[in-house]
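What follows is a single structure, written as structure tokens, with notes after it.
Throughout, protein chains are lettered first and strands after them, A, B, ... in sequence-line order, and every chain is numbered starting at 1.
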Amino acid sequence: MTADIYIENNATTFDRKHTFSEDERIYKLIGERRKKMECFFTLLKKKETGNSYTNFSILEQSESFSITEEHEELPENEFDFVVPFRAEKSFKVKAKVRSVTNYLPKPIFD
Amino acid sequence: MEFDWYELCPEDNNSLEQGDLILECPIVIPPGPIEEGDSIEIDVKKINSVVLTQSCDLANDKIEIVLVCQYYPLLYWLDSLPAEQQGKKARKKAIDDLRKGHYAGFHAINKIGPESLLEDYQVVDFRNVYGVNIDLLKKIVLNKGERVRLLPPYREHLSQAFARYFMRVGLPQDLRIEY
């Protein structure tokens, strides 16, 4: 049994796919990957109980499933979803300001 | 019951809340795709802007990018109406429709008065929203003089108007009711 997780970043074109096997426990995940999974499971829990995390969305969910406490087990069914995360890649470039204008929209009405 | 529309934030206060009016907020226009190591030229648009991001997200450092949109004087908005709506009666009707929220992309807010930071009524334009880095925005507002903050319940009016605009979905209306 696997759970395919598609993580999409809104700010860049960065996409990532994680695949977890049945015996891969969440608490063994390390670093960024673990953090993301915790975030994801918290999201699902909050979603299930109708609480917050309205800034995230689960786009597709094939079947219903339950989440156990402490993130010890994976969901029982396969599911797909998209979770937007903050930008993970950034770099600096040299920029020269070519123009500064006080902007007003024109025309307002077509 | 009457409520105050605004409060003035002292210039040494760089906290941000929904409904904060930020003068001359810089919006950077990248010239195109940017790669690491590039040397680019950028254009900067300065807009008078109002913060749309929820205050709770701002207070709890939940976000990196603050959502803002532009506002401008009501007079500018009125002067931009189509020619056939430039008559006195039509302008008055447009103002009334704006006040009632019939223009989904726009939201009217009050003026403060002569020789103030808001001499005229203002129109918030939801049609174009911009994301500004929160650290940058805090630097911008610091030591730039007093600034105006929209107060409840008018802040919530603004938020609701934006939500109403953003949630619109164009759907077919094919129900025919025949008696």
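- Close placement of the B:Y103 and B:W77 rings is indicated, their centers lying within 6.0 Å of each other.
- Only the side chain of B:Q70 comes within contact range of chain A, judged by heavy atoms closer than 4.5 Å.
- A side-chain hydrogen bond (donor to acceptor under 3.5 Å, both in side chains) check over residues 44-54 of chain B, counting only residues at least two apart or in different chains, returns the pairs B:K45-B:Y130.
- Pairs of residues two or more places apart, or lying in two chains, that qualify as ring-ring contact (aromatic ring centres under 6.0 Å, His included) and include a residue from residues 34-75 of chain B are B:Y72-B:Y76.
- B:H107 and B:F126 have parallel rings, their planes meeting at less than 30° on a 0 to 90° scale where 60° marks the start of perpendicular.
- Neither the backbone nor the side chain of B:Q85 comes within less than 4.5 Å of any heavy atom in chain A.
- In terms of heavy-atom pairs under 4.5 angstrom with chain A, the leader among B:I65, B:L81, B:N128 is B:L81.
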